[in-house]
*Asks:* 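Would you mind keeping the following structure in view while I ask a few things?
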Number of protein chains: 2
Amino acid sequence: MKPSEIILSKEQELLIEKLGNLNEKTGLQPAAARILALLLVTDSMELTFEQIHETLKISKSAASNAIHLLLTTNKLDYVTKLGDRRRYFHCKLIFWQDHFKQSLDQLRGYASILEEVLQHRTAETVVYNNQLKEIIDFIQFLDIELQLVYDKWQKSRV
Amino acid sequence: MKPSEIILSKEQELLIEKLGNLNEKTGLQPAAARILALLLVTDSMELTFEQIHETLKISKSAASNAIHLLLTTNKLDYVTKLGDRRRYFHCKLIFWQDHFKQSLDQLRGYASILEEVLQHRTAETVVYNNQLKEIIDFIQFLDIELQLVYDKWQKSRV
DNA sequence: TTTTTAGTTCTGTATGAACCGAACTGTAAA
DNA sequence: TTTACAGTTCGGTTCATACAGAACTAAAAA
């Protein structure tokens with residue numbers, strides 16, 4: 001009966017809520033969203049399973065499922081220590097770059113379907129087709145430019 | 001008993017499904033996602049309420065609610081014709097630019113909360129804090145660059 | 001005035017997401 | 001061999017979403 005709950009300041013709790021809500025809006029399930037937020041906010045960067053489930057007051061099953069999800073989607077990682085079976089979880093900060101790349105892929109997917117749509121449209125709706133073409137052009141322009149922006153960032157960090 | 005259902009080719013049906021699924025992934029509800037897709041794909045750019053609900057085989061209530069949603073989120077528009085009470089709906093192609101702007105806003109929101117997190121973090125986790133700082137810098141860099149990219153596009157269209 | 005048209009609103013219902021608590025499993029310590 | 005630990009899996013509940021169908025409404029036509 002030793003509680004492993006982490007003590008959070010009022011500000012930290014608030015930040016976890018706010019960050020959690022933002023994470024949810026990216027399509028993450030509530031429990032997972034808060035786990036990521038907790039790991040970003042807490043002073044000890046590594047937390048155990050028990051600390052997570054006690055601090056966030058979620059059941060072991062909810063914690064287990066959410067952690068599994070975060071591990072398989074590459075947002076979470078852990079280390080282990082000799083003579084200690086527990087895993088020490090920490091947020092993979094790199095997941096931001098993955099997120100960026102995924103957005104690019106989604107954008108590309110959209111453009112290619114819109115291209116298909118344009119090819120199948122009647123030639124009679126000239127104005128409309130031109131508008132559609134312009135949107136496709138914009139997405140493709142964006143795709144190229146974003147890649148350049150990303151390269152520029154990488155270079156500035158050498 | 002005059003059916004107002006639009007006849008779609010097999011390819012058009014397929015495109016509506018694919019585009020609809022993509023729309024759903026952006027957080028749109030299924031019926032609304034398919035209505036947008038239908039309006040992009042169909043040769044007649046303007047469809048009535050009845051044509052939409054018959055062609056997509058959704059109930060009047062589903063059509064009504066989805067159309068209301070799309071109108072209030074500025075993704076759909078309509079015109080009316082003298083001596084005809086029906087509304088003729090068409091997809092507002094501009095909604096792509098809004099979508100782009102919304103992404104920018106979301107990004108900005110994220111950066112500002114991460115800033116808050118960084119300010120509340122213990123100074124002891126130096127490496128971690130630096131990584132976090134780098135992510136914030138990246139987002140802010142992205143924000144600025146995206147604005148430039150957008151301006152560049154606007155200029156290229158004059 | 002009655003009927004038709006063009007929808008909207010209301011009342012369910014089915015489905016799935018997210019979660020809890022309890023039972024279970026595998027490993028290690030006693 | 002039993003007990004403790006560190007989680008995982010299972011069964012069930014709750015809640016929200018998305019829809020159908022029917023009743024309703026407001027305006028125009030007959």
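Keep in mind that what you see is a predicted model, and the values were worked out from it rather than measured. Throughout, a chain's letter reflects where its sequence line sits, starting with A, and its residues are numbered from 1. Atom set for the values below is all heavy atoms of this structure, side chains included, hydrogens, waters and symmetry mates excluded.
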*Asks:* Please report the distance, rounded to the nearest Å, between CZ in B:R87 and P in C:dT8.
*Replies:* 5 Å

*Asks:* Does A:T122 offer a backbone N or O that forms a donor-acceptor pair with the side chain of A:N129 under 3.5 Å?
*Replies:* yes

*Asks:* Between P on C:dA14 and CD1 on B:I58, what's the gap in Å once rounded to a whole number?
*Replies:* 20 Å

*Asks:* Taking only side-chain nitrogens and oxygens of B:R85, does any of them come within less than 4.0 Å of OP1 or OP2 of D:dA28?
*Replies:* no

*Asks:* So does B:K101 pair up with B:D105, basic N to acidic O under 4.0 Å?
*Replies:* no

*Asks:* Okay, side chain of A:S64, backbone of A:S61: is any donor-acceptor separation there less than 3.5 Å?
*Replies:* no

*Asks:* CZ of A:R86 versus P of D:dA4: gap in Å, rounded?
*Replies:* 17 Å

*Asks:* Counting only N and O atoms by type, is there a donor-acceptor contact under 3.5 Å from the side chain of A:T42 to the main-chain atoms of A:L38?
*Replies:* no

*Asks:* For A:R34 and C:dA18, what is the distance between atoms CZ and P respectively, to the nearest whole Å?
*Replies:* 14 Å

*Asks:* Please report, rounded to the nearest Å, how far the C1' atom of D:dT17 is from the CG atom of B:L28.
*Replies:* 13 Å

*Asks:* Does a side-chain N-to-carboxylate-O contact under 4.0 Å join B:K18 and A:E116?
*Replies:* yes

*Asks:* Please determine whether salt bridge (Lys or Arg N to Asp or Glu O under 4.0 Å) holds for the pair A:R86 and A:E50, giving the CA-CA distance in whole Å, both sets of side-chain angles, and the decisive distance to 0.1 Å.
*Replies:* CA-CA 9 Å; A:R86 288 170 298 181; A:E50 203 183 6; 5.0 Å; no

*Asks:* Choosing from C:dA18, D:dG7, C:dC20, which nucleotide comes nearest the side chain of A:P30?
*Replies:* C:dA18

*Asks:* Rounding to an integer number of Å, can you tell me how far A:E24 CD sits from D:dT17 P?
*Replies:* 12 Å

*Asks:* Between A:H53 (NE2) and C:dA22 (C1'), how many Å, whole number?
*Replies:* 13 Å

*Asks:* Could you state the atom-to-atom distance from CD of A:Q51 to P of D:dG7 in whole Å?
*Replies:* 11 Å

*Asks:* Counting only non-hydrogen atoms, which of residues 61-73 of chain A are less than 4.0 Å from DNA chain C?
*Replies:* A:S61, A:A62

*Asks:* OP1, OP2 of C:dA17 versus side-chain N and O of A:Q29: anything below 4.0 Å?
*Replies:* no

*Asks:* Using a strict cut-off of less than 4.0 Å between a Lys/Arg side-chain nitrogen and an Asp/Glu carboxylate oxygen, indicate whether B:D151 and B:K155 qualify as a salt bridge.
*Replies:* no

